[in-house]
Every structure is written in C-alpha cells, then in structure tokens.
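Below is one structure, written out as structure tokens, with a few remarks after it.
As a basis for the values below, the full set of heavy atoms in this structure was taken, side chains included, without hydrogen atoms, waters or symmetry mates. The sequence lines fix the lettering, A, B, ..., with proteins before strands; numbering per chain opens at 1.
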Amino acid sequence: MSIESLDPDDVDAADILGSAIERREDPALITGEAEYTDDIQLPEMLHMAILRSQHGHAEISDVDTGAAEEMDGVVAVYTHDDVADEAVSRDGSLLIPTGWLLDSLRQVDHPVLAKDKVRYQGDAIAVVVAEDRYVAHDATNAIDVDYERLDASADPDAALDGEAGQLHDDAEGNVAFDWEIGDEERTEEAFDDAAHTVSLDLENQLLIANAMEPRAAVADYHPGTDELDVFMTSQNPHLHRLLMSGVIGHPEHKLRVKAPDVGGGFGCKIHHYADEALVALVARDLERPVKWTSTRTEGYKTDAPGRGHVTTAELAMDDDGNITGLRVDTKANLGAYLSTFAPAVPTYLYGTLLSGQYDIPAIHASVTGAYTNVPPVDAYRGAGRPEASFLVERLASLGAREAGIDPAEFRKKNFVPDNAFPYQTQVAVEYDSGEYGKPMEKALETVDYDAFRERQEEAREEGRYLGIGFSCYIEACGLAPSELAGQLGAQAGLWESSLVRFHPSGTVTAFCGTSGHGQGHGTTYAQIVANELGIPYEDVEVVEGDTDEIPQGMGTYGSRSAAVGGSALVKSSQKLVEKAREIAAHQLEADPADVEFEGGEFGVSGTDRSLGIKEIAQQSYLAHDMPDDMEPGLEATSFYDPDNFVFPFGTHVAVVEVDPESGEIEFENYVAVDDVGNQINPKIVEGQIHGGVAQGIGQALYEGAVYDGNAQLLTGSMQDYAVPKSLHIPDMETESTVTPCPHNPLGVKGVGEAGTIAAPQAVVNAVTDALEPFGVDTVEMPMTAERVWNAVNEQATADGGDAADATDADTATDADADTGGEN
Amino acid sequence: MFPDEFDYHEAESVSEAVDLLEAHAMEETELLAGGHSLLPAMKTGLSSPDVLIDISGVDELRGVSVDGDTLSVGAMTRYSEVLDDDAAHEHAPALTAAIEQLGDRQVRNRGTVGGNLSHADPASDLPGPALVSDATLVVHGPDGERSVPAEEFFFGMYATDIGPSELLVRVELPSADGAVGTYAKKPSPASGYPMVGVSALVATDGDAVSSVRVAANGVMDHGVRLEPVEDALTGETLGDDAIEAAASYAADDLDEAMMMDDLQASAAFRAQLLEVYTKRALQDASERVSASAAAD
Amino acid sequence: MAEHDITLTVNGTEHELEVESRTLLVHALRDELGYTGTNVGCETSTCGACTVHLDGDAVKSCTLLAVQADGATVDTVEGLADHGEFHPIQTGFQEEHGLQCGYCTPGMMMTATDLLEENPDPSREEIREGLEGNLCRCTGYQNIVNAVENAAETMGSGAVADGGSVEELAGGDACASDPNAGAETTDRCEVRWPDEGESE
Amino acid sequence: MEFSGTFELEGSSVEEVWLALSDPVLVEQSLPGCQFLVEVDDPDPDFDALREETADREVELTGDPEVIAERAFEEENHYAALMQISVGPVNPTFETVVTIDDRDYPKMSAVGEGSSSNSSFEMSSGMTLSETDGGTAVDWETEADVFGKVAQMGQRVVNPVANRVVKRFFSSVEDKLDEQRLSDADVEGDGAESGGTESDRGLVDRVLGRSNDSD
C-alpha cells in the first residue's frame, strides 16, 4: 500500500527516472537550515504592518495617521495619497492587474491602498513602517479611520440581487461577467427527450488555502544601481516580477523576485497581491530593507479564497441510464476585485471539465461572475476543476439512484470508451488519453465492492449505517498551448522555460522557470535531467524560483510543473545532447548521424570508439578542438509550449459509517486509484495524492469560510476555521494505473491537484449512500455533524417519521436495496 | 501575533501575588498561569491588560498531594503533571479522564488546572469534573483563604467567585473511593474545545448504581450538573437500557434558550449532543466497571 | 516599556538577552537569537509550527513570553542532529516522505520526540492523537505517522539490540564525551531516547 | 444578530419602571461597565473631552420626577456613553453614541453605534412595558451588528455576553427601584403615579414620554 522510498545511491543511473528516491530537499528542511522569507534578516531592516478595513464595505471619509507617526520607532506611515506621490510611485499604476480577460468582463480598479472606499475586510488602508514588528503593529492600532458603512454581502446570489449595494461604478448590478459554454439548444432538446432527469442545487463553499507559511515579503533596494530585490513567498516569481514592475513602476530588468523556501501555496501564492507590492514600494522609498509577514488572522482576511460557487445542475438520461445531457447554471463569487487569474477559474478551468469521464452528447453551462465583499477569489488547489468534478460526480450518483442502477455500473456504462481517444468533449477540450475503466476496476477490487454491499445490508439491520461513495474524476493540467490560452483571454503565454548547463568538470546545473514550494522539484527534475544526460543523479543540481538566475518562467500551479517544466528540461537536455553529439562526432571523426547516445556515452555505431558526455563537456569549454563555426560551451535553453492540456484521471472510493444520532462520520476506508501518466518519483506522487485527498476531505467535512450578513468573516482564525488535524484524516490506500500522456516527452500528466479534485464528492456520495434509508440524498459541504444530523431529521420530519427510529428506516432500506441491486 | 505592551511581574509566593494584585488594583491586571487562554487573547488583540502577574512559578501552588481522603491539586499544577500522578488517577478519575482529552500535547505540558478553572471558559473541560467530584476550590485573598464548593464557584461565562484581589490556590477533591470517572467529549474540529463534554463519576454496589454524578461543559455558559440523569440512574442496574433512559433526561433541567449557540453548534444540536455524549460517558463508565469487576 | 534581562540556554548554548515583557519566546528565538528553524504559523496556539522543548517538554513557543522562559533550557530543531548525524525522527521524516514544504516539520518533530519519550512504541492512533496540536497542510499526515513509527522502530530496536546504550545510539559518543556537556546536553539525550527500562 | 427577551421587575408599576428607564443617571448606574452616559449635541462627540468633563461630576439617583424630567431621555436626542464590556480577559471599551428614535409610553426604541480601537458595533433596540401580576414586564429586542476584531475573534461570546449585559442591567434597575422606593417612602405623593394638577400633568407626560395627542 505504501511505497518504500529508496536511497538514490542504491539506484542504478539507468533506473533513476521512475524511482521512489528520497528527496534531496529534506536535509535542509528537517534541520531548520531552510530559509523561508521571514527567516531573512538584513542589516537595518524595518518591519511593515498594514491597517485593514474593519468593514466589509464602507466609504472612508478620513484617515488620521498623526498619532501613529509620532510613536517611538515608527519610521513612516503611508496612506493612498502618500504612495500616489510620484516620488514614491514613480510611474507605477498602483493598481493590481488582472491576467485573464473575458469578452464580457467588466474590469474594475483595484488600488494597492484604498482611496476612498473599502470593499472587503482585507482592503489595505494604510501601512506603517517601524523599527520592529511589535511597534509596527502598535502603530496600526493608533490610526484613526472614519468609516461610513455600506451594505455588504459575501454571497454571490445576494450581491447579484443588489443586497450588497453597488461595489464598483463600472460593474452594474455587481456582475463581473456572463459566460457560457456548450450548446444550449441541443442540451434543451436532450432534457425534453429525457426518460430520467435529476437536479441538484449546491453550494461549493469558499475555502481558505491555509498554507502553513503565511505570505511574507522582504524588499531590499540598492540606490546606487536602482536594483530592487524582493524575496517573497511566491509560486511564480517571474510573473510577480512582470506584474509588480508595472504596479510599482520599476523596470523589469532592475527588479529581482526570488522565492526562498516556500511553505506551501495551494494556489494562494500565485496571485499578485497589494501587500508585496507595498513592501517593495516602501523599501525603495525609504532606501532600507523592509519585511512584512502576514499574521494568520490577516491571512484569513486577505489570502485569495477559492471555490465559492452557487450552482444548479441537472442531468438528463435515457431509459437505459445513458447520460444524454448536462445543464449547469453557476453564480461564481469573485470577491471584491479581480485577482490575477480570477476570470479563468470559474470559466475555462470549470466549464471545460463538465463532461467528466463521461461521453455526454449535450452540455450547456452558464456562469455569472459576481463581485462581493470577500477577498478577491482565485485559484485554490484544483481551481475550477474540483467544482466541475464535484457536480458531475454528485449527479452521477443521484442519476444512478434515479435510474435504479448501481452507482459503479452507472459510471462504467457512461465512461468515454477506451477506443474513443483522443476524445472531443462538448465543452471545447480534447482528452488526450484515457482508460477510465482501469482505475475503477482496481478500486472496486481494493474495496471488495460486492462484499461491501452485503456488509452494508447486514449493518443496516443492526442499525449501523455504512456508505460507499465513488468519484471518477478528470482533471486538466498544464494549461496549454499558449496560442489557445491567448484566444481564451490569458494575458500570458503558458509555456515553460529551462536552461541545462554543463560545468567544465562534468556536473550540471538545471534551471527551470517553475517554482516549487514543497513538491520536490529539486529531486524530480534532477531525476529527469540525469536520465536524459546519462549522468549520475548527484551530479545534477536544480535551481528554481529566482528571476536573476533563470531567464524566464511561468511558475508552479495547475499541476503543470512535471508536464510543462519537466518537459522543458527534457527539451533543453536534448538540445544539449545534440550539440554534444556534434562535438563527439567531430572528435571521433565520424558523421554525427552515425553517433549514438546512450547511458551518457557517445559511440560510433559499429565500432568501439566512444566518448562520455562529461568528457565532451570538458572539451566544449577547452574549445581546443571544436567543429567549425561551433561556439564553445555546453548548455541549452528552451521554451516548451505543450500541444494540449494533460488529462489525469482516476477513481476514488470512500467508505464511511455515519451515526444518525450524532451526525458523526467515520472513515472505514479511503481508496485512491489515480492515473497520472508516467511517474517520475512514485513516492512523491503518493505524497501529493495523500495531501490532496486530505484537503478534499477538509472541504467535504470541515472547512468553509463563513461570513455574516455584513460580510464580516466569522471563521477568521484557526480556532474557528477547521484545518484538518491528524485525527481527522484517515489512512488511505493509494494505487495507480499508468496511461502515458501521448504528447509530452515524459508521458506525464500531473498530480498536484488530483486528490483535492477527487475527494469531496467521494465523501459526500458515501455519506448520502449511508443515509439512503433515511431518504437523504444531499448534505451541503462541509458536512458537519450538525448538518448530517439535520439532514436525517429534516428528511424524517418530511416523511412524518422519527429520525432516531432506525428500525423503521431499516425496512425501507431492504426494499430499496433490492431494486438498487449489485448488478 | 503581537500583544500590546504591559508590565510583567513575577510573583514568588501567594502572598506576593495578592500584594501585587492589590498594588495594581486600579489597573487592568491579569494573572498569568499557563497562559494558554490569556496569551492567545492578547496576541489577537482581544485582550490588552496593563499588568500581568505571573504566578506560574509559585512553588506552593504546584503539585498533587493526598491528605486523608482528600486529593489536593495546586492551582499551578500542569495538566501533564496531574496525568503523571498515580494518586490523581486513583482519587480523582473524573478529573484525569477529562485532562487526558484536554487541548493537545503541548497545551497539556504547559496549561494548569487552576488557570483553566479560574478562566471559566464555557467550553473548558474541567468545570464538569470539578462538579462531579464535589470539589472545593480554595481561594486566597488579602484576608487569607476561603473555600468555595464547585457548585457555587462558577457564575457564568468567564465569571467565577474569585474576587478582584484573590487567586485560586488549589482544588480539593474528596477521594472518588473506587468510583469510576469518565469524560466523553465532542470537540470542535477547529479549536478542540468541547461543543459538549460530559463528565461522569459512577459508583456501584454489586450491579446497582449506588451513586452517580454527571455534569456537562460547553452546553451552558458554565458547567452544569445533570441531576435528572443522576436521579434516573441511581439505584438502577448499570446497563444499556438504564443508561439510554437516563441520558434522555440530560437536557431536561436546561433552558435551551440559554444554551450556547454559535458557529460550532446550534443550541438544538448541543441538546442532541448532550444526550449522545451523556450516554457515551455512562457507557464508558459501565464498561470500566465491568472490566474492573472482571479483573477482581 | 518594561525590559527584562533574561538567560536562555538554547541547544546547549547559554544566551543573555534583553526582551520586552511582551516579547514572545518564538520571537526571541527567531529575531533575537537567529534560531529561525522554529516557525510561526498562527497566533491562536493552534498550528504547533513553533513547538520547541522547554526544560524537556514540548511547548508552543508562541504561547509563552520570553521572560517566562528566563533561566530555562530550550531545545529547537537546530539541536536535533548531532554533528551532522540525524536524529532518528529526522531520518524517519526523510525516509517516509513525511514532509513536503517543510514548514510544519520542525514543530512536528519536536512534538513527536516528546511523544516518543513518553510512549516509545505508540500505535498509529496514539501518534495521531499525540500530534493533534500540529497542523500540516501538505502531507495528509499519513507519511508523518509513518515517519514517527519509523523513528520509534529505530529507537526501540537500537535500544534492544545494543542493550540500550544511549551514547552509541546517538550516532557517536557526543553526550558522554563532550567536555562542555552540561546538564542541557544530558537533557537533550534523554529527550531523544527512551530510558533503558522503558525500551522493552 | 438578533436578541430578545422578557424581563420581569417584581413589585414595580409600569410607570415606575418607565420613569426609571427614562433616567440617564439610573441607566448609567445600572449598565454594567458604563463609565458615563451623558446627553450630547454633537452626534460625533469628542470622547476625550467627555472623559474629562465627566471625571468629577456629581450625579445622584433620585425618585423625584421633576429632577428626572429635566434630564430624561428625549426623542431625537443623542447620548454618549463610554462602555467597557468585560468578557473574561477581554475588556474592550466602546465609545458609544445612542440616539432615541421613539419614546412613546410604554414603548421606547433607540439606535446606537459604538467603536473601540479595533472593533465596532451598531444596534437598534426597542422595549415595551406591560403590567403583570406582580409588577412590570419589559419585552426587549435588539438587533446588533458587530464589526472588526470582536466579530472575527469573539463570535461565540457575543450572544451570551449580550444576554448577560441585559440581565445584569435589568437586575440592577430592579435593585435601584427597590432602594429608591425605600428612601422615597417618606415623600409619598410626589411620585409620578400620584397624578396631580393640570400643570403637573405636563410634567408627568414629559417624564412618561407621553405624546400630547396620545392621551
């Protein structure tokens, strides 16, 4: 069940790719040697603190910073007008940009410091810079703000209905965009002709990423050269450099963004926030290093939350239970302003995945984006795809129940058939490869499904409620190609860049434009490059996350690093090998076409003459004997732009027992069978699945940002927002199948988000399966004990029965189980 | 993350602590014990006292001792120290059962029994055990010591019978004398504090329940005895039927309108949990009674 | 502003420093003394990232005033390895892939060593209970539990096989032979290893 | 959030209770944590100045309706209060301004706003008095919104604390009425309940908050 990790020294060079070797990142991380942003201490460094709004929505009539400025240890206080001074802002926009546009998008200004209005509690009103953290904090408390409170709402439905008042002059009715995908007419016909339909109203709640390391930045300005260094918790330093240069008016080539060790991201460190730009701005203005570290409660109010959908979804089926149509209407919460990738998440990352693993002939989805008084909403692990997968898989379970077919059978009969790949969905994307039955069969075998249904029946007779839930998810990662992304509204290309450089002594540094934050890129990239170059793994060092070291890059998010970054490294390695081949051919006096490369050796076919690649590297720098017109040195840079997304898939199964009396849910088993294509390091793949599933279970059972009617966050600390603890997450069984990606050189598909995409609906389906005898077909997430208990009670009340009376329910169960069957 | 400024004084003795309290009577003054309720409140800006008087190092306030039939727990005794003490398990099983489930490992290493009881958070774990153990809380002030029965100690949310210049010095628990103590708790998944925590102390004579005391934390604004449950169970045979019947009375004397009602659980659900967890606390007691009978 | 002169013995080294009343121990360790291996993840004493050993017990250093720790012995993640030799808990985390971003890991390991000192052979359930005061957002905890089991096994089996020699187990004889080893060093060794009597 | 409840004051007539609840001094002294409660002209008063002004003022409880009439709450007037809400170690002090919305015997309603350094609240309250067997029942309801730190961190205590403040307030009013009754026993006849001449009538109406046309 658990993959055993290997010491890299015990792995043959030829086997390094695909081996579950231990991570080389770990020694620094387990000894305290790692350097996270807040660990950086610079001479003369100042500390910044930010005063944020007390209200979800308010006009600001006055900001009095007098008392704060007079405090001992306070160096400067800035309000909007102070930073707008040209001497401070240069020609910066001081507006946070949006990196994805839609035709119907109503863009709104997002100032780094609120000018005269605040639109969510995290909106920054003033910053204080002081000699230490404590004093900076004290001074924010001494700033006096006069607010005129306005109506506010955290709910997209309410905001669209006008209950939040108007957030922005440029977005009438708080509508950020209207978007649709699929064929409305054909879908309507499918529903008209359907033998069975099911409908589901659901809320995919707002989640807060809760990376263990809060966001932080340290900026250091060098007046002599006008160079500005920004160290920050970033998933994509190059993108931050690009965006920040415009915001603060600093030339991109004089701005360095470096991500030191980063303590998790889960999406919330992709986006460009006002805070980090303010750190850079004030450090440049004061000509002293400045540090800002978010407190956790500050993070709850400012880190971009994810999800936030209110949806109605319907499924049409024919008489035999074949899915014939899917219709979706979603109100998506975008928060107070548009975050970096916000418009893409509830549209192209969501609507395009609505076919799931199924061959659905007609699909239509419409999405309305709403401005509300919560922090700007953006990608959180999975970003759009969990929302799609959740509703498809909830409908599959409800559809199976409606059609009277076993839920596993129902799925199998509707899968895209193996021979249909590449499969063109009705929602724009083309699935690259898949064999959806494989993980399903493996999962059924692992949980011993037939035996489970028997056990379930026996248990119900004893008044115990077991349930099983399936999730056959699809995910799309490595968003690509750039041309397509551009057509869809992306304001950036979605390639990845790398540089592979031999040193004269034969070791290699591989640079990649991705920026890992816990994924183990240092290990997996070295496995890739060592394999390509045929050199020992320990001879390859990987460098990421620093705009001064790496030419260009797009960062780490959307499970793209292996598929796109890894492929870029392959491409650079191959370029390098080609150059080395020519040098080898020259020195071996052979035709390059006759020189074969294998296991790090260039050999002339049919002879025993050969040269090792390390030898060639040395020769390339000596440059004593090179082919005509060839430059010395041995390195290669490449930009890899994939042909398509990659589409990992799998089946997750949750087995739970629900206590209707207390509403408590216990896991009996959790099985994850994932097909993420080829695996570079199975141990790391397994770890990604574990962590992803835990976050999915978190969404299913524990997590959710709760706001009151004034858009005041009520779950604003770790005492109130339940980040799952060790006792909340079950041991999981992880298995995999391998269907290589056909269009990238590694055949990899991406694994970072799979678990999070798969898990919630597996758990919800299991709980509703367990509570079927009570007539419960849905429970909103997070399925707290109270919600489960309420669901049981409400249903019992509706039936005129007694919730706690399990005996009556048992009778109903038996009857239903007979028709439900195990066929 | 950053407490506001304050003056810190470390008391070496109970009398010094009382002197300090009196000397700073005109300022906002807090006693610092384990600090696990106070410091988080200060760090998040909810609390900003002018003066902290640290009593955690006062030796006379630390330790567990037995005097005749009474177990005495010094107010500054850490949870982990109570759990390490065999006499505490023997004489105050309801207390140790609750402490085992209190907070987390680090909190138990640092938090104190007296800090918990003085703080009187409605969701503390220890008021229930204090009530079922019929504990006496000994408070020291300018006029010396006075004893307050647990029943009279808790006034309401964060409010106790400790006066402005007084501090809790120890808790005295009459020996359980062989009774079985249990604690069944439904923790908030976020904070770990009980939405409902039920403490039970059950003594049997043969199969029959000779005495039973049950109390709940987290349900009302302070710990409460569940007398209808006790009445229903006393004299009955300790088995599933009697337990189920008794637990059904758990909320009978409680005004649902005054029950804790928050994001973690509504009052109605708390009432439901109270019944379920009363049952579990008593079932656990029943199992322990059977187990010890079998062992005999 | 009330200032206090305090003494902290961190990983065996004595430091004298001046702190404000309100300075939290974790900030004294990180900002004043440079022990940045101990991380801060919240301000509600929930996440456990800041866990250190205070006089041998795992505590959350964000929930203690530095002045309260005056005169105490503090052990942090930086003191776990001994002259480059990993502590079994560190090896356990590496071998079992018990960490991803690593931010929670120092606190997680400090709690785990405290747990193993009390219970050298915990069940998976006991490990999960023991670590409930430490949040991890990356691993889903499964490999952390494996890591603690791994460490327990190493420590337990080593103790049995070698007759329980603490010095040998520590990967050297640092504890016994270090001429400067005071009480703190001995403490550290005790924290790491079950007593001979308990190891069976 | 909304709170409501009924509080019964034993042994006091509706008019006595009304008189008491019309008196800012009695209210100030009955409200837990209230450091002062004074009428102000400016709906956005300078609290620092008020702190100084009220530091050594002398106000006394009285049962004398004439004195109360002079200082009784009036519709549309503003009152500034400094309120320390004490919840365990959490003791925020709110600078509060209350405006009487409506005061028509036996009903009164008011709106208020309070702010501390990192939190604020808004409330709108109403109460109606009615006669019961043994005294007077006060039916009260409050709709309150809390903002900032207290909303974020103190959510679970807001409700019980509000209940406690109300409970302690009315208990204190009850005690003060009892005390007053004892001390006024010898000046029987001056009380509001004695009715009186036509000119007295105006006074009583003023104290009782009866509008002219409601008689």
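Interface summary for chain B: among R296(A), H728(A), E703(A), E664(A), the most heavy-atom pairs under 4.5 angstrom belong to E664(A). Chain B forms more heavy-atom pairs under 4.5 Å with one residue of M718(A), E298(A), R133(A) than with any other, namely R133(A). Of the listed residues A722(A), G663(A), P724(A), the one with more heavy-atom pairs under 4.5 angstrom with chain B than any other is A722(A).
Side-chain contact, Y193(B) with D121(B): no donor N or O sits under 3.5 Å from an acceptor N or O. For the residue pair Y380(A) / D303(A), no side-chain donor-acceptor distance below 3.5 Å is found, with atom types taken as modelled. Judged purely by distance below 3.5 Å, without hydrogens or angles, the side chains of D720(A) and Y300(A) never pair a donor atom with an acceptor atom.
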Next on the checklist: side-chain hydrogen bond (donor to acceptor under 3.5 Å, both in side chains), that's the test. Do S56(B) and D54(B) meet it? Break it down for me.
Outcome noted: CA-CA 6 Å; S56(B) 61; D54(B) 185 354; 2.6 Å; yes
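K186(B) touches chain A through its side chain: at least one heavy atom from C-beta onward sits under 4.5 Å away, while N, CA, C and O do not. Of the two parts of P3(B), the backbone and the side chain both hold a non-hydrogen atom closer than 4.5 Å to a non-hydrogen atom of chain A. Proximity to chain B involves both the backbone and the side chain of A785(A), based on heavy atoms less than 4.5 angstrom apart. With a 4.5 Å cut-off on non-hydrogen atoms, T295(A) touches chain B through its side chain but not through its backbone. Using a 4.5 Å cut-off between heavy atoms, Y702(A) touches chain B through its side chain atoms alone. Using a 4.5 Å cut-off between heavy atoms, N141(A) touches chain B through its side chain atoms alone.
In this structure, the ring of H137(A) has its center less than 6.0 angstrom from the ring center of F2(B).
Ion pairing between a basic and an acidic side chain is recognised when a charged N comes within 4.0 Å of a carboxylate O; K279(B) and D659(A) show no such pairing.
I143(A) and A126(A) get closest at one heavy-atom pair: CD1-CB, 3.9 Å.
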